[in-house]
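Just below is one structure, and these are the notes that go with it.
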Amino acid sequence: MISLSKSINEFDRIRNLERIAIDCYCSALQSAEHYLVVVDSTDAESTRDRLREIQGTAERSTDPVSLNESRGQFRGVLRDYQQRAHGQIGRLRSDLESALVAMQSVADSMAARDDDHQGQISRELIRLRAVTAFQDLPKMRDGVAAAVQGIESCVERMQRENQLIVAQLCDEIRVLHARVDAVSKIATLDPATGLLNRQQMELCIESAASPDSTKPVCLVYTAVRNFKLLCHQSGRQTVDVAMAALGARLRNIFGSEFQISRWSDDEVLALVPGDPARAMSLSKQAALQTPGTYPIQVLGQLRTVTLKTQVTFLERRTGESAREILHRVDQFALGSS
């Protein structure tokens with residue numbers, strides 16, 4: 001009787017610890033959502049929604065072991081958002097500073113001929129220099145738009161007076177607009193490999209596996225099984241260069257018509273909509289051609305890295321939603337690891 005009572009007490013203690021573990025995990029998700037730095041309001045809100053979805057799943061869990069299923073997704077959401085935030089602000093600031101140098105030379109060339117116009121351009125350049133110190137991307141964009149509007153108004157008055165300077169200034173404005181637009185495009189890529197990041201691939205899968213689409217959807221999953229050992233032996237920088245070489249080899253196999261992403265640190269995922277037979281054939285090529293040695297350049301030195309890869313073919317099941325496909329990929333990744 002005493003033994004039974006002890007067993008019941010121990011069982012209650014374990015269940016209480018499991019509930020505490022789940023509550024701590026949910027608190028971590030709430031903190032991640034609350035302290036998310038807003039670089040782009042739309043992107044930040046989308047990331048918060050995804051964190052809330054993971055939190056809802058965790059709150060409904062009755063067993064902490066089931067939390068492992070969302071571990072990769074949680075890590076991927078935060079990793080992708082951090083890279084996009086740092087990349088957007090850093091690239092935009094660098095591009096603005098480059099544009100300022102070019103536009104300053106235009107303003108200086110005007111000084112000897114037109115003090116009035118040169119003064120207005122100089123004021124707008126001062127405004128742009130202040131913009132480069134902002135940490136908030138929407139404020140940076142608003143500041144750029146205001147400065148460009150002021151420059152364009154000046155350009156309208158200069159058109160009949162100095163056509164050569166007008167043409168040069170218009171070119172610089174177009175370059176500035178193009179660089180601002182390029183920030184959003186570059187933010188969809190993994191900086192180390194140049195492949196799509198996880199969030200962008202999820203959007204591609206959602207589009208390909210929409211409810212009204214009957215087109216077959218196949219995924220080719222490639223994992224580097226000696227990733228952690230290589231990081232320990234050669235360092236993260238060397239391994240990232242090796243992952244970039246792996247991405248290049250997969251692009252040669254799949255061609256430019258299919259989307260390829262860095263799904264996680266040691267995983268690459270290719271989306272192959274259309275003929276399943278062709279997707280299966282490509283997965284077999286990847287299985288044969290991705291393992292082996294990769295010659296890479298690290299800090300100006302030629303090195304050779306050996307990658308041990310595992311390639312798996314996944315096909316969309318009848319009626320399977322994009323969310324279910326993504327869940328199955330994560331389940332497979334956790335199980336196979």
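FYI, side chains are in, hydrogens and waters are out, and symmetry mates aren't considered; it's all heavy atoms of this structure. Here the structure is a predicted model, which is why all the values come from computation and not from measurement.
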Side chains of Ile205 and Val217, heavy atoms from C-beta outward: is any pair under 4.5 Å?
no
Do any side-chain atoms of residues 280-292 form donor-acceptor pairs under 3.5 angstrom with protein atoms, and if so which ones, sequence neighbours left out?
from, atom 1, to, atom 2, distance (Å)
Ser283, OG, Met280, O, 2.6
Thr290, OG1, Ala286, O, 2.5
Thr290, OG1, Thr309, OG1, 2.8

Salt bridge (charged side-chain N to carboxylate O under 4.0 Å, His left out) partners for Arg52, two or more places apart:
Glu33, Glu45, Asp49
Of all residues at least two apart in sequence or in a different chain, which pass the side-chain contact (heavy atoms from CB on, under 4.5 Å) check with Thr304?
Thr293
Considering non-hydrogen atoms only, spot the tightest contact between Ala245 and Ile296 and give its length.
CB-CG2, 4.1 Å
4.5 Å side-chain heavy-atom contact, Cys218 and Val220:
no
Could you tell me whether the side chain of Leu196 reaches within less than 4.5 Å of the side chain of Leu189, counting heavy atoms only?
yes
Qualifying side chain to side chain donor-acceptor pair (under 3.5 Å) pairs with a residue from residues 208-217, counting only residues at least two apart or across chains
Ser210-Asp212
For Glu257, which residues count as a side-chain hydrogen bond (donor to acceptor under 3.5 Å, both in side chains) partner, sequence neighbours excluded?
Arg278
Salt bridge (Lys or Arg N to Asp or Glu O under 4.0 Å): which pairs involve residues 241-252, sequence neighbours left out?
none
List in chain and number order the residues that pass side-chain contact (heavy atoms from CB on, under 4.5 Å) with His232, two or more places apart in sequence or in another chain; answer none if no residue qualifies.
none
Please examine the side chains of Gln297 and Leu302, heavy atoms only from C-beta on, and report whether any two atoms are closer than 4.5 Å.
yes
So which heavy atom on Ala209 is nearest to which on Ile325, and how close?
CB-CD1, 3.8 Å
Where at least one partner belongs to residues 285-296, residue pairs that pass salt bridge (Lys or Arg N to Asp or Glu O under 4.0 Å), sequence neighbours excluded
none
Shared hydrophobic cluster for Leu269 and Phe313 (ILVMFWY, side-chain gaps under 4.5 Å):
no
Find out if a path of hydrophobic residues (ILVMFWY) with successive side-chain heavy-atom gaps under 4.5 Å connects Leu230 to Tyr294.
yes
Could you state whether Ile260 and Leu219 fall into the same hydrophobic cluster, counting links through intermediate Ile, Leu, Val, Met, Phe, Trp or Tyr residues with side-chain heavy atoms under 4.5 angstrom apart?
no
Which is it for Gln199 and Arg50 under the side-chain contact (heavy atoms from CB on, under 4.5 Å) test, yes or no, and what are the steps along the way?
CA-CA 10 Å; Gln199 184 181 34; Arg50 300 182 69 210; 3.8 Å; yes
Are Val268 and Leu203 connected into the same hydrophobic cluster when the rule is that any two of I, L, V, M, F, W, Y join if their side-chain heavy atoms are below 4.5 Å apart?
no
Considering only heavy atoms from C-beta outward, does the side chain of Ile253 approach that of Phe258 to under 4.5 Å?
no
Does anything in residues 286-298 form a salt bridge (Lys or Arg N to Asp or Glu O under 4.0 Å)? List the pairs, not counting sequence neighbours.
none
Sequence neighbours left out, what passes salt bridge (charged side-chain N to carboxylate O under 4.0 Å, His left out) with Arg79? Give chain and number order.
Asp190, Asp265
Can you give each donor-acceptor pair under 3.5 Å made by side-chain atoms of residues 237-244, sequence neighbours left out, with the distance rounded to 0.1 Å?
from, atom 1, to, atom 2, distance (Å)
Thr238, OG1, Ser234, O, 3.3
Thr238, OG1, Arg303, NH1, 3.3
Asp240, OD1, Arg236, NE, 3.3
Asp240, OD1, Arg262, NH1, 3.4
Asp240, OD1, Arg262, NH2, 3.2

Side-chain heavy atoms nearer than 4.5 Å, only ILVMFWY residues, links allowed to pass through others: does that put Leu195 and Val305 together?
yes
Holding to salt bridge (charged side-chain N to carboxylate O under 4.0 Å, His left out), I want the full list of residues that pass it with Glu320, two or more places apart in sequence or in another chain.
Arg328
Heavy-atom closest pair, residues Arg198 and Gly76:
CD-CA, 4.1 Å
